Each structure stands twice: as C-alpha cells, then as structure tokens.
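In each ligand, atom 1 is the first atom listed, and ligand 1 is the first ligand listed. Note that this is a predicted model, so its numbers are computed, not measured.
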Amino acid sequence: MKRIVLFGYRGTGKTAIGTVLARRLGIAFIDTDELVEKRSGQTIPEIFRNEGERRFRILEREVISSLPSSDCIVSTGGGVVMDPAKMEQLRAASIGVLLHADHATIGRRLARSPRPPLTGLPPEEEIAHVIASRRCNYAAAADFCVDTSRTSTEQAADNILCLLDKGTVFAPTRESVFRWFAASPLPVQEREQMKSLLVGTRYDPQIRFLGVAGCPCGHSKGPLLFNRLFEKYQLNCHYTRFWDPSIQTIMEKAREIDAKGLSVTIPFKQDIMALLDEIDESARKIGAVNTVVFACEKTYGSNTDWQGIRKPLENLAGSCAVLLGAGGVAAAAAYALLDLDMEVIILNRTPRKAQALAKRFGCSWRTWDAFDGITPDLVVNATPVGMDPDTSSPVRDDQLKKEMTVFDLVYTPPVTPFIAAARRAGCKTITGTEVFIHQAREQFRLFFGIDVPETVIREILA
Ligand code: NAP
C-alpha cells in the first residue's frame, strides 16, 4: 500500500485523523514531530528554546529521510511544506492529503494546545497570517484536500478512505470529459493515453491531472517535460493538453476531472484572470496569469513567465535595457527588468501601446526608430518578429554592438535570425528556450513544492 502523508496547519487534525486511518487500514502511524522529540530526548518547545529552530529543522530532515516508503500514515509538521527538499522526499510515491479547517475551528482546537506561538501576533491573527503565507505551499502538497472543520475524526478518516478508494471523479463524468478530449485536436498518442487513464485499463482513482490550457497548444513542450518529471519524482500525475477556443470551457473541464493545475498559454493569459478566486501580486501587476493551481475548492493564479525572463539576467542587474514590444510578454519582461533595477526603455511599433505600458510600470518609452539614439547593455525582443516562418530580425545588423546582450523571447526556431545576427556581431545571447526552462521550474514548484535542478530540465528538453 502507498504511503499516505498528511499535511496541514496545526490544529487541522493530522495526528488524530492519522491515528484513526492507521488503525482502520492496519498499518503504522508515524508522527514526524513525535519522532523528532523521541530522537532528541526533548519536547519541540525545548528544542526551539535550547537549540533554536534551525536544529529542529535538521532533526525533522533526518526523520523524514528515515521514513518507510510504504504501508504507513505519516503526519507532518505544519511548516514542512516550506522546504522543497523535504517535499521531494515526502511526495515521492505517496498520496499527499491536505487537511484544512476554518480559522475559528483551528483557534478553538489550538486554545487547548501547549505548543508555543509561531509569531508575536494575537492567536487569531497568527492563524490567518501563517496560513496565508504558506497558502501556495499547502496547495502544492495536496493531491487531495479534506475540510475537517465540521467533521469528527472518524468522519474525516471515512472521507479520506472514500476518496482514495473511489477518487473524486465518477465514471459518467470521466466518460463525458473524455469525449471532450477526444473531440479536441489532441495528438493521437496523447488522446489514447487519456482514454486509457479516464475510461480504460489504466484508470486509477488516485491519479491527478494537469495540463496546458491554450488554443493552439500543440507546440507546447509541457506534456513531455512534466510527464518525465512525474516519473522522476514518482508523482501519480498525468499532464495533457486542454485545447479549446474557450477558456470557460477549459476551466469547466479541468474542474470536472478535478485537475490539480494548469499552465496557461496563448490566448488565455489575460482572460483567465476573471475566472480565478485569487491572483498573486506579480500576476496582478503584470496583468497575466500563466499558472493555475486548484486546491481546497479554490483556484489560484500566478505568473512564472517573469521569473523565467529574470533568471538568465541576474548578472545584468542595474543595466540599461531596451525592450522591444508592448504586448503580454513585454509586460512580464518589464516587470522582470525593473525587479532587477534596470533602466527600461520600451520601443513599440504602435507608440500608444509603448506609452501605456511604460506608464503602467513607471519606465520610459520611445518610438520604434529611436533605437539608433540609445546604447543599451541589453536588448530584449518581446515581439513575434523572427518566429517561424518569419525570417526577419527586429533590429538591423549594424545596430548590434558586441558589448550588448541580446535576449530573444521567441523560441521557435531555437536560434532565431536575431540571435544569429547577435552572435555574428559578437554579442552575448540568451535564447527564448531559457525562459521556458526557468518558468517551468517555478511552475513545478507551485504545483508540487519541489525544486527541480535546472540541469534535469535541460536534459529532458535536449
Ligand atoms: P502580443 O501580446 O500579441 O504582443 C505582440 C507585440 O509584438 C506587440 O507589441 C506588437 O506591436 C509587436 N509586434 C507584432 N508584430 C510586429 C512586427 N511585425 N514588427 C514589430 N512589432 C511587432 O504577443 P505576446 O504574448 O506578447 O508574445 C510576443 C512573442 O513573445 C510571441 O510571439 C512569442 O514568440 C514570444 N513568447 C515567448 C515566450 C517564451 O517562453 N520564451 C513566452 C511567451 C511569448 P503592436 O502593439 O504594434 O501590435
């Protein structure tokens, strides 16, 4: 039997429910906090007081490394979700169940607990504050979410056993969603996989679905990358393509199969925002969402494109950048460049749009032909110029100077005419593939709380 790992804030019932589950299933119950106390010969408050939180985290890591890989129920400490290395170990070949409860219920339960506070805030404020700060991490830990606010321990255990046995999507829904996938332009092999997983021999009530939401999205490398990562990290998940002209329909189908997450691509990055419950600050400022996580009946939107653009530019912080284009991806680029304290000058074919974007981000703008009067350290192309089958470059060859770094966000072809020209001119170059690599890494962390080494993604995509 697979290992079941219970995650959640303190007071959500992990120990009590875990004990009942273990008894019902006739397998071992392991509480990582209790093991830490046993091994150290101190209570957790004593460890914090005598040796500090760092020591506690080290002990917790040792305990997690020594857990059996099957036939047990594991109850974890409330803060474990913040550590990607521990999440990698806890999520492997396991079912992650996130227990949650409303704040008032948690407050009542914790009033009887001897545990020391985590902050200097009053108890109710502390609960709201800590849960909000860990919200993404809890969502990432969850294969399934169970609300324990109004259930007894026995009922909560029943609910968990029922969803592990029957899943969350019943046969008629799986059949109707499969008909929708079958009618979409999904590549034949991927359609066969979905058939087998939803209505065929590989149906598994515990599998979770993710996918890229777009139209078109046949070009996406998401299925290749994420499905290989699921194998590597032993996650019982499948990544597919939600390919439809309507984002409303895609969201409806994603909910029907209780999807765990979506990567969002053209043309939905803006439109999806109106359909989500919560959107993080950077996505709101950029005005686009490329990642959706479903957890506890809610939808959470983030933007990882800007991190994909920022990461390869870290060593250019503080320099002067020309940003070509003023569309969706240019907004993410402007946000990333400004986050690196760069001076940003936006040039766009339609000046009014350059002006509007510059106003939103408090940077400057010029008309497209003003390039000659600027000597930037960095040029970022955020237009489709040079994207297959276009063979043109957004700037003339004679405008490129060897001191410049050229970053082309276009990634089809991998070496664009702009990148080729920049290499001939002796410039440093960064290709659009880099954006995909780094944004996907961030996306995987939002989906599962695990940090994938960059080299692993490069190997898969090579
Ligand atoms: P968008 O919202 O449609 O914006 C396109 C921008 O390019 C607009 O500013 C537009 O100017 C300008 N433009 C279009 N054709 C042009 C031309 N022939 N000459 C000069 N400027 C032109 O598109 P987007 O979502 O920002 O995407 C732009 C490109 O970024 C995509 O084509 C894609 O190749 C690339 N991209 C890469 C990644 C990655 O992961 N590497 C991710 C997303 C996008 P006007 O305002 O004058 O129309």
Would you give me the side-chain donor-acceptor pairs under 3.5 Å for residues 347-359, sequence neighbours excluded?
| unit_1 | atom_1 | unit_2 | atom_2 | d |
| --- | --- | --- | --- | --- |
| Asn348 | OD1 | Ala326 | N | 3.3 |
| Asn348 | ND2 | Thr350 | O | 3.1 |

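In summary, the side chains of Asp143 and Gln206 do not present any donor paired with an acceptor at a separation below 3.5 Å, with no hydrogens or angles considered.
Take Lys269 and apply the salt bridge (charged side-chain N to carboxylate O under 4.0 Å, His left out) test, not counting sequence neighbours, and it matches Asp305. Under the side-chain hydrogen bond (donor to acceptor under 3.5 Å, both in side chains) criterion, Gln189 pairs with no residue, sequence neighbours left out.
Listed by chain and residue number, the protein contacts of ligand 1 are Gly325, Ala326, Gly327, Gly328, Val329, Asn348, Arg349, Thr350, Lys353, Ala382, Thr383, Pro384, Val385, Met387, Leu409, Val410, Tyr411, Gly432, Val435 (heavy atom within 4.0 angstrom).
The aromatic ring centres of Phe181 and Phe242 sit less than 6.0 Å apart.
Electrostatic pairing of Glu256 and Arg174 does not count as a salt bridge here, judged by no charged N lying under 4.0 Å from a carboxylate O.
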